[in-house]
Asks: 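Below: one structure in structure tokens.
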Amino acid sequence: MAYWLVKTEPGSWSWDDQVKKDVEGWDGVRNHQAAKNLRTMKIGDKAFFYHSVNEKRIVGIVEVVREFYPDSTDATGKFVQVDFKTVKPFKTPVTLADIKADPRFAELSLLKQSRLSVMPIDDASWATICEMGGVTP
């Protein structure tokens, strides 16, 4: 199993929206590196659900339930999407400031490639961030 972080603008698609739908396609990704990451995801992989823009915090966990397929919002046919199922919310959201303040995350993609919307998370960081959020990995 691999771990990921996916970013969304809560005004467009929020954790509450995800919870209401339970399973939803993650579409609209137009960065080639982020799209490559979507293509790499496998069923059972888990991802942090990150509210970007003003919130900048991890609020929950989702799981890949359908591997990549053509993005229905992309007329060019170049980009893909995956389907995520809601797993659980964080008891305590983990903010970007919390992550920046912790030296264990110095190499985390969230800090090194801050504009990337879909990124891998290493096993140790996954476990630590889950602990910070009050959930079991």
Asks: As an exercise, state the distance from CD of Glu9 to OG of Ser14, rounded to the nearest 0.5 Å.
Replies: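 So the CD of Glu9 and the OG of Ser14 are separated by 12.0 Å.
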
Asks: For side chain to side chain contact (heavy atoms under 4.5 Å, CB included), just list the numbers for Arg66 and Trp26, CA-CA rounded to whole Å, side-chain angles, deciding distance to a tenth of an Å, and then say yes or no.
Replies: CA-CA 10 Å; Arg66 182 177 176 191; Trp26 199 265; over 6 Å; no

Asks: Taking side chain as C-beta onward, heavy atoms only, is Asp83 less than 4.5 Å from Glu24?
Replies: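 No, every pair of side-chain atoms sits at 4.5 Å or beyond.
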
Asks: Is it true that Asp98 and Arg57 have a side-chain N and a carboxylate O under 4.0 angstrom from each other?
Replies: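 Result for this pair is no, no salt bridge flagged.
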
Asks: Do Asp45 and Trp4 have side-chain N/O donor and acceptor atoms under 3.5 Å apart?
Replies: yes

Asks: Measure the shortest side-chain to side-chain distance between Pro89 and Val59 over non-hydrogen atoms and say whether it is less than 4.5 angstrom.
Replies: no

Asks: Tell me the closest heavy-atom pair linking Gln18 and Lys85, and the distance in Å.
Replies: NE2-C, 4.2 Å

Asks: Which pair of non-hydrogen atoms, one from Ala35 and one from Val29, has the smallest distance, and what is that distance?
Replies: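 That closest heavy-atom pairing would be N-CG1, 3.8 Å.
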
Asks: Atom OG1 of Thr86 and atom NZ of Lys20: how far apart are they, to the nearest 0.5 Å?
Replies: 12.0 Å

Asks: Minimum heavy-atom separation for Thr73 and Gly28, please, with both atom names.
Replies: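 Looking at all heavy atoms of both residues, the shortest contact is OG1-N, 3.7 Å.
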
Asks: Hey, any chance Val118 and Trp13 share a hydrophobic cluster, counting ILVMFWY side chains that come within less than 4.5 Å of each other, even indirectly?
Replies: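 In one cluster with Val118: Trp13, yes.
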
Asks: Less than 4.5 Å apart, side chain to side chain, heavy atoms only: is that true for Pro120 and Asn37?
Replies: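 Counting from C-beta outward, Pro120 and Asn37 do come under 4.5 Å.
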
Asks: Tell me every residue that passes side chain to side chain donor-acceptor pair (under 3.5 Å) with Gln113, counting only those two or more places apart in sequence or in another chain.
Replies: Gln33

Asks: Between His51 (side chain) and Trp15 (backbone), is there a donor-acceptor pair under 3.5 Å?
Replies: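 It does hold such a pair.
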
Asks: Quick one: does Lys88's side chain get under 4.5 Å of Val19's, heavy atoms only?
Replies: no

Asks: Kindly give the cluster partners of Met119, where membership spreads through any ILVMFWY side chain lying under 4.5 Å from a current member.
Replies: Met1, Tyr3, Leu5, Phe48, Tyr50, Ile58, Ile61, Val87, Phe90, Val94, Leu96, Ile99, Phe105, Leu108, Leu110, Leu111, Leu116, Ile121, Trp126, Ile129, Met132, Val135

Asks: Using a strict cut-off of less than 4.0 Å between a Lys/Arg side-chain nitrogen and an Asp/Glu carboxylate oxygen, indicate whether Lys46 and Glu63 qualify as a salt bridge.
Replies: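 Between Glu63 and Lys46 there is a salt bridge, with a charged N closer than 4.0 Å to a carboxylate O.
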
Asks: Mind checking whether Tyr69 and Val80 have side chains closer than 4.5 Å, heavy atoms only?
Replies: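 Counting from C-beta outward, Tyr69 and Val80 never come under 4.5 Å.
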
Asks: Do Asp27 and Ser72 have side chains that approach each other closer than 4.5 Å (heavy atoms only, starting at C-beta)?
Replies: yes

Asks: Taking Phe79's backbone N and O only, do any of them form a donor-acceptor pair with Asp74's side chain (distance below 3.5 Å, no angle check)?
Replies: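 Indeed, once roles are kept as given, a pair shorter than 3.5 Å links the two residues.
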
Asks: Is there a side chain to side chain contact (heavy atoms under 4.5 Å, CB included) between Glu67 and Val82? Walk through the geometry before answering.
Replies: CA-CA 5 Å; Glu67 293 177 15; Val82 301; 5.6 Å; no

Asks: If we ignore hydrogens and angles and just use 3.5 Å, is the side chain of Lys7 paired with the main-chain N or O of Phe49 as donor and acceptor?
Replies: no

Asks: Under a 3.5 Å distance rule, please check whether Thr92 uses its side chain to pair with a backbone N or O of Gly133 as donor and acceptor.
Replies: no

Asks: Look at the side chain of Thr76 and the backbone N and O of Lys78, then say whether any donor-acceptor pair between them is shorter than 3.5 Å.
Replies: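 It does hold such a pair.
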
Asks: For Lys36, is there any backbone N or O sitting under 3.5 Å from a side-chain donor or acceptor partner on Thr40?
Replies: yes

